[in-house]
Amino acid sequence: MNQPKALIGSFIQAVGTVTSAVGSIPSLSDKKQFALDLWGNVLQATGNALEADAETSDTLGVYGNEIQAIGNITVIAGLLNKEGNRLEITGNWLQSLGGLISFSDDWGDKHSSALNPIGNLLQAIGNALQAIGGIYEERGNKTEGQSLGIVGSWVQAIGSILCFLSQLERKAQSAPISPKVSPHPAGNGEMSPSLAPRRAHKPHRGGLSPPQCGAERLEPMALGARHQLKKDYPSSNGVVFV
């Protein structure tokens, strides 16, 4: 799987579902509702297409995302058509079917996060509620139909957000962990020579190191002592100082 592309697609889809859900608020004007619902479905179709393209293997999740993208395109066609209520209903049913297929794929995947199947199931339920709401409106029960559509939009939005969080979790788990480098090498616990602190040799009096101090100072002392003995005890007693 192309993880960055799947993450971007999931994010775009989540933004699209939230945009459509905001567009279902009755207090907004018809023009704003139309614009938000239209662009929300455009974003959803783009996100689903990216998620399907991110899969490198042929799985049920690929078909589920493709069917959801087709459903979004069908809803867009219904929004752009004056008599497109049935197209919107069909598009919502297709999205619900795609969500169920993705849910079945994630349910059998042991490596998948629990958020992903729950999110896909909520999206399928939300789209089904929107489709049922459209049927109610078509039959003249507009109040109940709008209520179902609003609830379905927000349920779908919550599901898409959960799927996005699942992609974030998968991205975090697949991120490489850099090993920690210890300053001490493994082994007998001793520090390497390059890391061990070095002791500076302090110079002794006269600026000479210990070996030089012994060699240079003992010889003059011995000569001075011999010279003093010659002075004090002359060689008259038969003792000769060399």
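Side chains included, hydrogens not; waters and symmetry mates left out as well; all remaining heavy atoms used. Residues: numbered from 1 along the sequence shown. Given the structure is predicted, the values throughout are model-derived calculations rather than measurements.
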From L115, T17, I118, N116, residue fulfilling side-chain contact (heavy atoms from CB on, under 4.5 Å) relative to C163: N116
Determine, using the 4.5 Å side-chain heavy-atom cutoff (strictly less than), whether I135 and L97 are members of one ILVMFWY cluster. no
CD on E144 to CZ on R139, rounded to 0.5 Å: 12.0 Å
Search all heavy atoms of S104 against all heavy atoms of L60 and return the closest pair with its distance. OG-CD1, 4.0 Å
Before giving the answer on side chain to side chain contact (heavy atoms under 4.5 Å, CB included), spell out for I25 and I150 the whole-Å C-alpha distance, their side-chain angles and the decisive distance to 0.1 Å. CA-CA 7 Å; I25 297 174; I150 293 169; over 6 Å; no
Under 3.5 Å donor-acceptor, S10 side chain and A6 backbone: no
Worked verdict on L80 versus L38 for side chain to side chain contact (heavy atoms under 4.5 Å, CB included): CA-CA 8 Å; L80 296 175; L38 178 64; 4.2 Å; yes
Determine, step by step, whether F164 and I12 satisfy the side chain to side chain contact (heavy atoms under 4.5 Å, CB included) criterion, reporting the C-alpha distance in whole Å, the side-chain angles of both residues, the deciding distance to 0.1 Å, and the verdict. CA-CA 9 Å; F164 171 65; I12 293 173; over 6 Å; no
Determine, using the 4.5 Å side-chain heavy-atom cutoff (strictly less than), whether L121 and V151 are members of one ILVMFWY cluster. yes
For R170 and Q3, work out which heavy atoms get closest and say how close. CD-OE1, 3.5 Å
Can you check whether T59 reaches V62 side chain to side chain, under 4.5 Å on heavy atoms? yes
Closest non-hydrogen contact found for Q130 with S153 is OE1-OG, 3.5 Å
ILVMFWY cluster, L94 and I89 together (side-chain gap under 4.5 Å): no
Same apolar cluster (I L V M F W Y, side chains within < 4.5 Å links), V155/L100: yes
Are W39 and I161 connected into the same hydrophobic cluster when the rule is that any two of I, L, V, M, F, W, Y join if their side-chain heavy atoms are below 4.5 Å apart? no
I101 and I67: which non-hydrogen atoms are nearest, and at how many Å? CD1-CD1, 3.5 Å
Look at the side chain of T46 and the backbone N and O of V42, then say whether any donor-acceptor pair between them is shorter than 3.5 Å. yes
Flag the pair Q13 / Q68 as yes when at least one side-chain heavy-atom distance between them is below 4.5 Å, and no otherwise. yes
With no hydrogens and no angle check, is any side-chain donor or acceptor of S24 less than 3.5 Å from a backbone partner on A21? yes
Can you list, pair by pair, the side-chain donor-acceptor contacts under 3.5 Å of residues 69-78, counting residues two or more places apart and other chains?
residue: N72; atom: OD1; partner: N48; partner atom: ND2; Å: 3.0
residue: N72; atom: ND2; partner: N41; partner atom: OD1; Å: 3.2
residue: N72; atom: ND2; partner: Q44; partner atom: OE1; Å: 3.2
residue: N72; atom: ND2; partner: Q95; partner atom: OE1; Å: 3.0
residue: T74; atom: OG1; partner: I70; partner atom: O; Å: 2.8

Quick one: pull up CG in L162 and CD in E169 and give me the separation to the nearest 0.5 Å. 11.0 Å
First locate atom CD1 of I125, then atom CG of N120, and finally report the distance between them rounded to the nearest 0.5 Å. 11.0 Å
I need the full list of ring pair (Phe, Tyr, Trp, His ring centres under 6.0 Å) pairs touching residues 57-104, with sequence neighbours left out, sorted by first then second residue. F103-W107
At what distance, to the nearest 0.5 angstrom, does CD of Q167 lie from CG of L7? 6.5 Å
Could you give the distance from CD (E137) to OG1 (T143), rounded to the nearest 0.5 Å? 9.0 Å
Shortest non-hydrogen separation from A52 to E66 and the atoms involved: CB-CG, 3.7 Å
